[in-house]
Amino acid sequence: MDALAGLLEGPRARGAFMIRACFEPPWSIRIEDRAPLTVMVMVRGEAWVLPDRGERSETGVPPAEGGGRIRLRPGDLAIARGPDPYTCADDPGTEPQALILPGAECRYPDGRSLNGSMDLGVRTWGDRPDGSAVMLIGTYPWEGEISGRLLKALPPLLSLTADVWNCPLTPYLMDEIVRDEPGQEVVLDRLLDLLVIAALRAWFSRPQAEAPAWYAALADPVVGRVLRLVQDDPALPWTVASLAAKAGVSRAALARRFTELVGEPPMTYLTGWRMALAADALRDTDDTLDAIARRVGYGSAFALSSAFKRVYGVSPQEHRGRGVVW
């Protein structure tokens, strides 16, 4: 497993919010749901995605490699990283007609509830089912510590145009999103995961991409191997010496090369990865602290608790008690 797969393998979509949005111009929707990650695929027609700040871009590559307003055409994809609000519209000048709040709550701009007035059928929403603009939207409702590492590497808003992004999942997702069958939510969650993985892989692989240090380091024969070892087996009692032996270099050479490419020493990276795994396990499972400690490379619950509080400033029990916060 490589670092990108590892980061996306952790807190996968569960009960993600997915809809097929259908509109006829003029239309405009203001999104203030604070969701950590939202994916938008333009199926038919055109749309603008407008963050509160940013310059115009019609090429899918906004200023500073992400963050500016984006124009989507058929086949284009956009990813918005929360919690900042943004607007989707047929034109930048169209005033919002609806407001999306946390928990998929929908209101008019004046605060009145929409009361389902824009529901058009199974996972279909908008002002008319045969609208000239159709967009598939998938939202991850919460962020884990593992995925948080990935989100920090993304701009607030990014896009991929159809000429560099040609995903065969889109037609399949278009069919599946309107089905109402047993287990359908699980099917859609997994499709959303695949869509995100394919999109981020395409984004980071662009020649002009400013990929995070760990992603770029995967191409290095020494550091890439060490990253994979840490991702695959965090429970093993790794040391700089054992990692260096696996990579076929000296301890000094590994420490120097790893720090240069990743931005932190090997053991610091390992600790951060183990703590992220533990944090998500505390939130997502009922496993005992002893079981989690063994799974992430600590000999006892006490050892994990000490390291966890040093990194996060709270005990594992306090972290578990906090639950998911939007």
Side-chain angles (χ1 to χ4, degrees), residues 1-16 35-37 82-83 140-154 185-186 189-190 192-193 196-197 200 212-215 217-218 223-243 245-246 258 262-326:
M1 180 188 298
D2 62 39
L4 179 59
L7 287 167
L8 291 168
E9 176 66 16
R12 295 179 297 179
R14 291 185 305 277
L37 194 73
Y140 285 78
W142 58 72
E143 172 187 338
E145 292 299 323
I146 300 173
S147 62
R149 289 183 162 207
L150 179 61
L151 294 179
K152 291 181 178 68
L154 301 177
E185 285 191 0
V186 176
D189 285 347
R190 297 292 76 79
L192 180 58
D193 287 336
V196 170
I197 291 171
L200 294 181
W214 54 260
Y215 188 86
L218 286 170
V223 177
R225 175 163 172 73
V226 169
L227 284 169
R228 290 179 176 88
L229 288 169
V230 168
Q231 293 280 342
D232 284 349
D233 295 302
L236 293 181
W238 295 114
T239 63
V240 175
S242 62
L243 288 169
K246 288 284 188 180
F258 194 100
V262 180
E264 59 186 350
M267 301 312 291
T268 302
Y269 181 90
L270 174 61
T271 298
W273 179 247
R274 285 171 168 170
M275 291 300 100
L277 289 171
D280 283 342
L282 287 164
R283 187 203 64 190
D284 297 337
T285 75
D286 295 323
D287 294 350
T288 66
L289 195 56
D290 272 319
I292 295 172
R294 290 193 298 271
R295 195 157 67 241
V296 300
Y298 287 85
S300 67
F302 177 78
L304 173 60
S305 295
S306 298
F308 194 92
K309 190 164 187 177
R310 191 162 55 246
V311 172
Y312 289 112
V314 297
S315 70
Q317 292 82 359
E318 289 173 310
H319 176 82
R320 172 170 270 172
R322 288 178 175 179
V324 176
V325 180
W326 280 45

Colleague: Could you pull out all residues at least two apart from D287 that satisfy salt bridge (charged side-chain N to carboxylate O under 4.0 Å, His left out)?
Modeller: R295
Colleague: Atom CG of L243 and atom CG of L270: how far apart are they, to the nearest 0.5 Å?
Modeller: 7.0 Å
Colleague: Could you check whether any side-chain N or O of H319 sits under 3.5 Å from a backbone N or O of A279, counting only pairs where one atom can act as donor and the other as acceptor?
Modeller: yes
Colleague: Any non-hydrogen side-chain atom of L236 less than 4.5 Å from a side-chain atom of L229?
Modeller: no
Colleague: Please confirm whether the backbone N or O of R283 pairs with a side-chain atom of R320, one donor and one acceptor, at under 3.5 Å?
Modeller: no
Colleague: Write down the atom of P316, the atom of L289, and the distance for their closest heavy-atom approach.
Modeller: CB-CD1, 3.7 Å
Colleague: Just verifying a value: how many Å separate Y298 OH and D290 CG, rounded to the nearest 0.5 Å?
Modeller: 14.5 Å
Colleague: Using 0.5 Å steps for rounding, measure from the CG atom of L282 to the CD atom of Q317.
Modeller: 8.0 Å
Colleague: Looking at every heavy atom in both T239 and S242, which two are closest together, and how far apart are they?
Modeller: N-OG, 2.8 Å
Colleague: So do the side chains of L192 and Y140 get within less than 4.5 Å of each other, counting heavy atoms only?
Modeller: yes
Colleague: What's the separation between atom CZ in R310 and atom OG in S305, rounded to the nearest 0.5 Å?
Modeller: 11.0 Å
Colleague: For S300, which residues count as a side chain to side chain donor-acceptor pair (under 3.5 Å) partner, sequence neighbours excluded?
Modeller: none
Colleague: Locate the shortest heavy-atom distance separating K246 from R225; write the atom from each residue and the value.
Modeller: O-NE, 2.9 Å
Colleague: Do the side chains of L227 and Y269 get nearer than 4.5 Å, heavy atoms only?
Modeller: yes
Colleague: If I compare all heavy atoms of M275 with all of L304, which pair ends up nearest, and what's the gap?
Modeller: CE-CD1, 3.5 Å
Colleague: Contact between V240 and M267 at the side-chain level, heavy atoms closer than 4.5 Å - yes or no?
Modeller: yes
Colleague: Supply the atom-to-atom distance W273 CH2 to Q231 CD, rounded to the nearest 0.5 angstrom.
Modeller: 3.5 Å
Colleague: Does S306 have any side chain to side chain donor-acceptor pair (under 3.5 Å) partners at least two apart in sequence or in another chain, and if so, which?
Modeller: none
Colleague: Supply the atom-to-atom distance D233 CG to W238 CH2, rounded to the nearest 0.5 angstrom.
Modeller: 6.0 Å
Colleague: Taking the side chain as everything from C-beta on, heavy atoms only, tell me whether L154 gets closer than 4.5 Å to L37.
Modeller: yes
